[in-house]
Amino acid sequence: MLSSHAKSSSSSRNLAGMLENGGFEGEGSGSCGGSRQQARDPRRTSLSVNSGRVIIASNHLPLRVKKSSTGEWQFEFDEDALTAQAKDGVPRSHFQEVLYVGGLPVDVEPEEQENIAIKLRDLYNCCPVYLDSAVKERFYKGFCKQQLWPLFHYVLPGSPSSSQRFNVEFWQAYVKANKCFADKIVEESLTDTEFVWIHDYHLLVLPSLLRKRFNRIRAGVFLHSPFPSSEIFRTFPKREELLRSLLNADLIGFHTFDYARHFLSCCSRMLGLEHETSRGSITIDYYGRTVGIKIMPTGVNPKRYLDGFSWDEFKWRRGELEAQFKGMTVLAGVDDMDSFKGIDLKLQAFERLLEYHAEWRGKVVLVQVTNPPRSTGHDITELHAFVTNLVASINYKYGNPSTNYVPVHYLERRVPLHERMAFYSIADCVVVTATRDGMNLVPYEYIVCRQGPDTPPGAGSTVESGPRDSMLVVSEFVGCSPSLSGAIRVNPWSIDSGYNGMYAAICMPLEHRRLRHQKHWRYVSQHTVAFWAQSYLMDLVRVTRNHVTMKCYGLGLGLDTFRMVALDANFRKMEESQVAATYKSSKSRVFFLDYDGTLTAGQHTSITLAPLDEVLQVLRALTAEPLNKVVLFSGRPKAELQEWFASVPNLALVAENGCYLRLGEGQTWRSHLTPGLQVADQSWVSLVVAADFGWKKMALPILQQYQESTDGSSIEAKESALVWYYKDADPDFGSWQAKELLDHLEGVSSNKPVEIVGGSSAVEIKPQGVSKGQAVEKMLGQLYGYPAIAERRSSSSRPMGRPSSDASERRPSSSRFSMSDRGPSAGSAAVQSAASSVQGGGAEAAAQQELAAAGKGPDFVLCIGDDRSDEDMFTSIEMMRASPQMMSSEVYACTVGQKPSRAPLYLNDPGEVLHLLARLVGINLPNLPL
């Protein structure tokens, strides 16, 4: 037994004790073997938060384990493990320590677990995760190998008795195992902003479990298996749980663009999330966090193999193989006994080669090394029997006992590294016929071993000096295929394709073989596993650089709903008491209220978009107060707004998102304050100067063409705009059509006074200069007798469109915009400048007199909206604070919902908005829908 290194079992990370309890579906106690808070060595000095560390989490620790003759566990660091080799690429400028968290390949008795954990932590910086044997069995052999592995390799369960059918107990074990990993990482964490690098499909729900514990954790996931197309993945019952958990990471890595493309398609089709590309990077905006997508194949460590050429065991085995296959052309394959590795297809292709080309019989052999299977089942048993019989059949049919010629040398065992290198070094060609594989590093290993070390002549090397050569026959369905441009790519499902590839390889002229080898060696020697690790971790640092400034809220309980909303640290919920106190003490108030989604939930709770009685009651109470001026914004047409709000006197209306404006009853437009406004009808004015909607005759037929060719799309014809919606169309096709439509419209409308805007599942054509921000400025100018800011500056100076992705640019640094600290001199100059900007003899004099008498503007401003178009209101309000009329104003800008916004305040839903407004005017709404 392992000697005791007894340490105080009560020692644990301080942060672990501060975490909230509670869990997700499938969690339960007793699933993690041993104590959750393992003993810690007091001699070990804790790192400071700023020193830098990365935790690498994987199903297995990079360790070799065996028991000695005395029954004591013996451990050795596995330098051939991918996670171990990745350590060489960890950028030391950011990380001074690498900590491994993972399982052991053996079961350890509970009484030994604590001492072994201490020993592994001290010697190898490894922290073992212990699972109960039953959970481990269902987690790895059940869920991982029988359900996730086939799913990610495009295999769906056929019969009801198939082991690939979804099993709830396996899923629960999978979540429990991931929770044990999360507990261990939390226990070892020094800070809530640790860097954690999670590897492969065994730990796909770990990002959500960690994100719930540490909101600002910097977590990356790299998937070493393929990711299936959306048509395959959508069949999985827990699809949203896996997708949302992956999106709770900060960086998601894939080997090839195909795998990333499939993941992005799943996010679009199942979650409605679209990706963005910028300067070579792909990102998804997920509730305020930017999730990066990393596409980069891993590599090998060439030095490890080149150093092996000096090992005595390698030299001996290589000499033995050279003598055994002297004069032969050697094809080699190294695969696991797995239904996706295509061993049977490789053998059938080789059999056809011998059948069609008798001249190669006795001259070419296939050495097939087959590692033991990692899973069990009927498919594996059937495949094993088929392969064994096929090998025997080929050797019986084409072998020659008189010359000791055996066409297929079949080694069904795990070969050590030195022997595998020996096979690679003498092989003329390596054949990979996997039907689906995440990466497959066999071709890279083969290239390195064919290159060998650069040893001077006479130095006793077993490798010849001079140009090297090699050949590869690679399935087009493996992850390494795109990076090996000199390989012969084959379709493994086609026996003829495989046979033709092998034949072309063995007949390739030597000069061509050398040129292809040189090309591959340049790639493999540069794109090493260290290069891959460094690139990934530097991207993780870049993507998470703003984490320390985020304010996070966890929403949802289960894995299918949990997500972390990331907001600026200054973003907070509006305090009704503070707003009410300011409202009560103010003497002049103005309200800018969006309607759709702000005062009503619209289509989410009712069939009609018409206002509820409670909404009308609140608006009537607001407009009845003499000190109040209320402006209601909507994307709806003028006629609808007039009909809906006819019972609300003194209510100013803005229709079609800022194009049409109407003052309250008894108020008239003062054209010298807002020149250029066009009279529409019934006291409505248009924000469009010299409105000309002739462009609609040109644009409408184009939109109708795209509507006909895009099933599920529709057109909305507004008085001032045309909108093509594709929300109900196929996500990919709709997105393609939208991009094509944008290009089409921009090409034919370059000389038209229109803006073409691509929004969320919509393409809108509208007049230039129309926005809610412009409407806010015009309304303030009319209501308080001074020119709008837009008339005193170029409209191009105001940022428009989508809010900035940088949290520091989204909103001001305080929750209220107060300008009372500004001096009077600036205000006087601004008033004079504003007055002088009004043109026209008598009108100019009247404007100056009116401005002089106007005095200050409102001392209370409340602006509430919910979507992207309302961000223009927030921008205009913020910029207008510098005007003399609003210097002393208390301005509250509020968005509906906890999401990134230029507004510094939020309310959760329309119910809270109505509750706030009702409180301000002192009315009770007992039946207020929330």
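Bear in mind that the values here come from a model prediction, so they are computed numbers and not experimental data.
Looking at Ser245 and Val205, their side chains come closer than 4.5 Å, going by heavy atoms from C-beta outward. Looking at Arg304 and Leu417, their side chains come closer than 4.5 Å, going by heavy atoms from C-beta outward. No side-chain heavy atom of Leu203 sits less than 4.5 Å from a side-chain heavy atom of Asn59. A heavy-atom distance below 4.5 Å is not found between the side chains of Leu131 and Tyr140. Using a 4.5 Å cut-off on side-chain heavy atoms (C-beta onward), Phe170 and Gln146 make contact. Proximity of Leu383 to Ile343: side-chain heavy atoms (C-beta onward) are nowhere separated by under 4.5 Å. Using a 4.5 Å cut-off on side-chain heavy atoms (C-beta onward), Glu322 and Arg318 make contact. The shortest distance between side-chain heavy atoms of Val442 and Tyr424 falls below 4.5 Å.
Summarising the geometry of Phe181 relative to Gly102, their closest heavy-atom pair is CE2-CA, 3.6 Å, with the distance given to 0.1 Å. Listed here is the closest heavy atom pair of Cys126 and Pro62: SG-CD, 4.4 Å. Across all their heavy atoms, Ser225 and Asp200 have their closest contact at N-OD1, 3.5 Å. Between Met337 and Pro373, the shortest heavy-atom distance links the atoms O-CB, 3.4 Å. Residues Trp521 and Pro302 share a closest heavy-atom pair of CH2-CB, 4.4 Å. In terms of heavy-atom proximity, Val300 sits nearest to Val448 at CG2-CG2, 4.1 Å.
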Phe423 and Arg317: side chain to side chain contact (heavy atoms under 4.5 Å, CB included), yes or no, with the steps? CA-CA 9 Å; Phe423 277 114; Arg317 186 56 173 147; 3.7 Å; yes

Can you list the steps and then say if Leu61 with Leu104 is a side chain to side chain contact (heavy atoms under 4.5 Å, CB included)? CA-CA 6 Å; Leu61 290 170; Leu104 292 172; 4.0 Å; yes

Set out, in order, the CA-CA distance, both residues' side-chain angles and the distance that settles salt bridge (Lys or Arg N to Asp or Glu O under 4.0 Å) for Arg216 and Asp192, then state yes or no. CA-CA 6 Å; Arg216 298 184 300 168; Asp192 64 346; 3.3 Å; yes

Check the pair Arg420, Tyr305 against side chain to side chain contact (heavy atoms under 4.5 Å, CB included), reporting the backbone distance first and the verdict last. CA-CA 10 Å; Arg420 192 165 77 247; Tyr305 297 93; 4.1 Å; yes

Kindly determine whether Ile185 and Leu206 satisfy side chain to side chain contact (heavy atoms under 4.5 Å, CB included), including the steps that lead there. CA-CA 10 Å; Ile185 292 173; Leu206 183 56; 3.9 Å; yes

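Atom NZ of Lys294 sits about 9.0 Å away from atom CZ of Phe222, to the nearest 0.5 Å. Here NZ of Lys179 is found 8.0 Å from CG of Leu209. Values are rounded to the nearest 0.5 Å. Note that OG1 of Thr433 and NZ of Lys346 are 4.5 Å apart. Values are rounded to the nearest 0.5 Å. Here the NZ-CZ distance, from Lys145 to Phe139, works out to 10.5 Å after rounding to the nearest 0.5 Å. Ile56 CD1 to Lys87 NZ: the interatomic distance, rounded to the nearest 0.5 Å, is 9.0 Å. Note that CG of Asp258 is 9.5 Å distant from CD1 of Ile295, once rounded to the nearest 0.5 Å.
Looking at Asn215 and Arg211, their side chains never bring a donor and an acceptor atom within 3.5 Å of each other. Judged by distance alone, the side chains of Ser483 and Tyr444 do bring a donor and an acceptor atom under 3.5 Å apart.
Checking side-chain atoms of Arg218 against main-chain N and O of Thr193 turns up a donor-acceptor pair under 3.5 Å. In this structure a side-chain-to-backbone donor-acceptor pair under 3.5 Å is missing from Glu194 to Val54. In terms of modelled atom types and a separation under 3.5 Å, the side chain of Arg489 and the main chain of Glu476 share no donor-acceptor contact. Judged purely by atom type and a 3.5 angstrom limit, Arg450 has no side-chain atom pairing as donor or acceptor with the backbone of Ser470. Counting only distance, with no hydrogens or angles, the side chain of Arg545 and the backbone of Arg542 share a donor-acceptor pair below 3.5 Å. Between the side chain of Tyr100 and the backbone N or O of Tyr124, no donor-acceptor pair lies under 3.5 Å. Between the side chain of Asp132 and the backbone N or O of Ala134 there is no donor-acceptor pair closer than 3.5 Å. Counting only distance, with no hydrogens or angles, the side chain of Ser525 and the backbone of Arg522 share a donor-acceptor pair below 3.5 Å. In terms of modelled atom types and a separation under 3.5 Å, the side chain of Asp250 and the main chain of Gly220 share no donor-acceptor contact.
By the 30° and 60° cut-offs, the orientation of the rings of Tyr174 relative to Phe143 is tilted. By the 30° and 60° cut-offs, the orientation of the rings of Tyr201 relative to Trp149 is tilted. Taking the six-membered ring for Trp and thresholds of 30 and 60 degrees, Phe195 and Phe95 have ring planes more than 60 degrees apart, a perpendicular arrangement. Relative ring orientation between Phe227 and Phe263 is described as perpendicular, the plane-to-plane angle rising above 60° on a 0-90° scale split at 30° and 60°. Between Tyr523 and His527, the ring planes lie parallel to each other; the angle is under 30°, not in the 30° to 60° tilted range.
Salt bridge annotation for Glu419-Arg413: present, with a cationic side-chain nitrogen under 4.0 angstrom from a carboxylate oxygen. Taking the charged nitrogens against the carboxylate oxygens, Asp88 and Lys303 have no contact shorter than 4.0 Å, which rules out a salt bridge.
With Val432 as reference, Asn440 is the one residue of Leu484, Asn440, Asp437, Leu472 to meet the side-chain contact (heavy atoms from CB on, under 4.5 Å) rule.
Heavy-atom neighbours of Arg374 CZ from other residues, nucleotides or ligands within 6.0 Å: at or below the threshold of 12.
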